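Source: prediction; values computed, not measured. Both counts, for ligands and for their atoms, begin at 1 and track the order of listing.
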Amino acid sequence: MAPALGLYGGTFDPVHFGHLRLATEMREAFRLERVVFLPAGHPWQRSRDTYAAGAHRVRMLELAIAGEPAFAVDDREVRREGPSYTVDTLGEYRREHGPERPLVFLCGTDAFARIETWHRWEGLLDLAHFAVAVRADDAEWQSKGPGAVPKALWPRVTMSLKDLLAKPAGHVMTFAMTPLAISSTAIRSLARISSSIRYLTPDPVIDFIHQHQLYGSPACPTRSP
Ligand code: ATP
């Protein structure tokens with residue numbers, strides 16, 4: 001069987017070290033050959049559009065993962081007209097990689113807890129496994145624990161990586177990543193009031209944010225010369 005492929009969806013507005021650490025730890029834990037970052041074009045679940053344009057979010061991801069051969073960025077959702085449905089993207093990946101290859105969709109607990117609201121969500125587990133990172137800043141999950149997994153998916157939960165990797169899709173497994181309470185929201189808020197965002201996201205991403213005056217930031221670097 002071909003090695004498992006990790007697919008990591010999100011808005012990445014902007015990408016930060018929480019995202020990069022999640023991808024790094026999950027790649028090792030789930031023995032993924034690669035992790036492909038899939039920035040959403042029009043995240044239909046949010047009442048608002050993204051703050052940075054798709055092309056800018058893609059570029060920030062490229063800058064963030066430069067030099068890491070096990071990571072890649074796929075901008076198909078940004079290029080796609082209309083809403084970004086994960087089920088469509090997973091369907092495309094399944095067709096491209098064949099019926100046997102394990103596909104593992106990576107996400108945090110806050111995103112996974114809402115899975116029953118995703119478009120055609122019942123079909124998602126037919127296409128991929130779900131690896132769910134326990135998010136340090138997710139108070140609801142911290143209080144409920146694994147009970148926060150939607151009930152309909154309880155039969156899909158496994159604790160066995162061997163079982164998961166033996167199948168192309170269908171399992172849910174939680175993962176206790178290094179807790180990093182970093183969010184894109186916090187970075188945007190800091191940028192807006194000209195506070196430093198250093199050590200929350202890679203320096204080339206910070207430079208890009210300032211060059212393009214994203215998130216209301218002034219056109220000056222946060223870094224000392
Ligand atoms: P925002 O603050 O704008 O909502 P975000 O920081 O949650 O953004 P997203 O792009 O929405 O970032 O996240 C993509 C995926 O990464 C989601 O599944 C989310 O749960 C997960 N994620 C984001 N930040 C972290 C983190 N610090 N730890 C664990 N998982 C995270």
Heavy atom of R21, distance to ligand 1 below 4.0 Å
no
Do any nitrogen or oxygen atoms of D137 come within less than 3.5 Å of a nitrogen or oxygen of ligand 1?
no
Salt bridge or not for E68 and R27, using N-O below 4.0 Å?
no
Is there a heavy atom of A136 sitting under 4.0 angstrom from any atom of ligand 1?
no
Checking the N or O distance criterion of under 3.5 Å, is ligand 1 in contact with T109?
no
Is there a nitrogen or oxygen of A133 sitting under 3.5 Å from a nitrogen or oxygen of ligand 1?
no
Residue G10 vicinity, atoms of ligand 1 by number, heavy atom under 4.0 Å:
10 (O), 14 (C)
Give the atoms of ligand 1, by number and element, whose distance to some non-hydrogen atom of T185 is under 4.0 Å.
1 (P), 2 (O), 3 (O), 4 (O)
So, is L180 polar-close to ligand 1, with some N/O to N/O distance under 3.5 Å?
yes
Interfacing atoms of ligand 1 (cut-off 4.0 Å, heavy-atom, G18):
27 (N)
In Y93, Y8, F37, the residue satisfying side chain to side chain contact (heavy atoms under 4.5 Å, CB included) with D74 is Y93
Are I206 and H210 close enough, and set up right, to give a side chain to side chain contact (heavy atoms under 4.5 Å, CB included), and what steps lead you there?
CA-CA 6 Å; I206 297 178; H210 288 294; 3.6 Å; yes
Of P179, A181, G108, the residue with the heavy atom nearest atom 17 (C) of ligand 1 is G108
List every atom of ligand 1 that sits less than 4.0 Å from any heavy atom of L22, numbering the atoms from 1 in the order shown and giving each element.
29 (C), 30 (N)
If you measure from each heavy atom of F112 to ligand 1, is any distance below 4.0 Å?
no
Exercise: identify the closest heavy-atom pair between A136 and L180
CB-N, 3.7 Å
So for ligand 1, is D13 a polar contact partner (N or O within less than 3.5 Å, distance only)?
no
